[in-house]
Amino acid sequence: MNCRILGVAFAEPIGARCWQCTKTLSRRAVRADLSRKAGEVKLHLLGDPYYGGRGTLWGAKAVIDRATDILGLVDVQPTFMPGGELAVADGDAVVPAINRLLRLFDHAFATQDWHPAGHSSFASAHPGRKPYDTIEMSYGRQVLWPDHALQGSDNAALHPALDMTKVEVIVRKGFDPAIDSYSTFFENDHRTATGLDGWLRQRGFRRVFLAGLATDFCVAWSAEDAVRLGYEVTVIEDACRGIGIDLGNGRTTLDEARDRLSGLGVRMVKSETLTA
Ligand code: VGL
Ligand code: ZN
């Protein structure tokens, strides 16, 4: 991965790690790079531009490699948007954000939540239970949802305003009546594969960028599996929206998801930090 600086750079490196290529850099190395005033200065990004902390290089952007990077569009379906069955607040805002991001990429894939009627993740399939209750399934804990993403329904289609030009594969998931599937790589038993890993590998993709719905469920679970499968993973937060179930301890599923992702080394960035 090449690191490139666009515009003005400011650095205060203290044995910092480049967040793109993860090399630890010495102050001297960085100064030497900065002093080279070439049109395209090769430099490392110290710190995450999103958080803007100590060591941030202002003006630094991560460069999309159009050949080996891919943008994954997670569950961009009206069923997860205002007016839908499992509405995520402001969920429709991801559509224009994703359409802008797609200009940076040559390749994209999309996922589509695709449940049969009476799916075991629906609260309505469990007498006495209500949406957002949690139950124990054979494969672990499962949140129960309102009926959503019904196969063939208009609200389960990919959003009609989504630019599908660069989408090369659509992965449907959640069609097994007995098991839910948040991740685009494995069903919730963490064993049954969707086949996407093989597709990405055979096509030579190394870095997966994710956007869509919902940050704390299908996006987070996809990101976690992608890291474990060996991809470099970036979640583009302003092109995602989360559900944020209150966990009763002052935290939400969004807080928990963010902690899990940063613990695994998933980058969480804003669209504006990316360039092609
Ligand atoms: C999702 C809950 C149930 C998601 C899908 O797309 O995040 N969440 N089904
Ligand atoms: Zn679902």
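Atoms within a ligand are numbered from 1 in the order they appear, just like the ligands themselves.
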Point to revise | Plane angle bin for Trp199 and Phe205 - parallel if under 30°, tilted between 30 and 60°, otherwise perpendicular | key: parallel
Could you go through ligand 1 and list every pair where one of its N or O atoms sits under 3.5 Å from a protein N or O, giving the atom names and the distance to one decimal?
unit_1, atom_1, unit_2, atom_2, d
ligand 1, 6 (O), Asp75, OD2, 2.6
ligand 1, 6 (O), Leu213, O, 3.3
ligand 1, 7 (O), Ala214, N, 3.0
ligand 1, 7 (O), Cys218, N, 3.0
ligand 1, 9 (N), Asp113, OD2, 3.0
ligand 1, 9 (N), His148, NE2, 3.1

Exercise for review: Inspect the contact between Glu232 and Arg206 and indicate whether a charged nitrogen and a carboxylate oxygen are less than 4.0 angstrom apart.
Suggested key: no
Point to revise | Between His107 and Glu168: side-chain donor-acceptor atoms closer than 3.5 Å | key: yes
Practice item. Determine, for Arg207 against Asp65, whether the closest basic-nitrogen to carboxylate-oxygen distance falls under 4.0 angstrom. Key: no
Review point. Would one find more than 12 heavy atoms of other residues, nucleotides or ligands at under 6.0 Å from atom CD of Gln202?
Key: no
Check your understanding: Would the His115 and Phe175 ring centres measure less than 6.0 Å apart?
Key -> no
Check your understanding: What about the rings of Trp145 and Phe80, do their centers lie closer together than 6.0 Å?
Key -> no
**Study point:** Salt-bridge present (Arg228, Glu224; N to O < 4.0 Å)
**Key:** yes
Exercise for review: Identify the residue among Asp180, Asp225, Asp113 that makes a salt bridge (Lys or Arg N to Asp or Glu O under 4.0 Å) with Lys173.
Suggested key: Asp113
Point to revise | Sub-2.8 Å protein N, O or S atoms surrounding the Zn ion (ligand 2) | key: Asp113 OD2, His115 NE2, His148 NE2
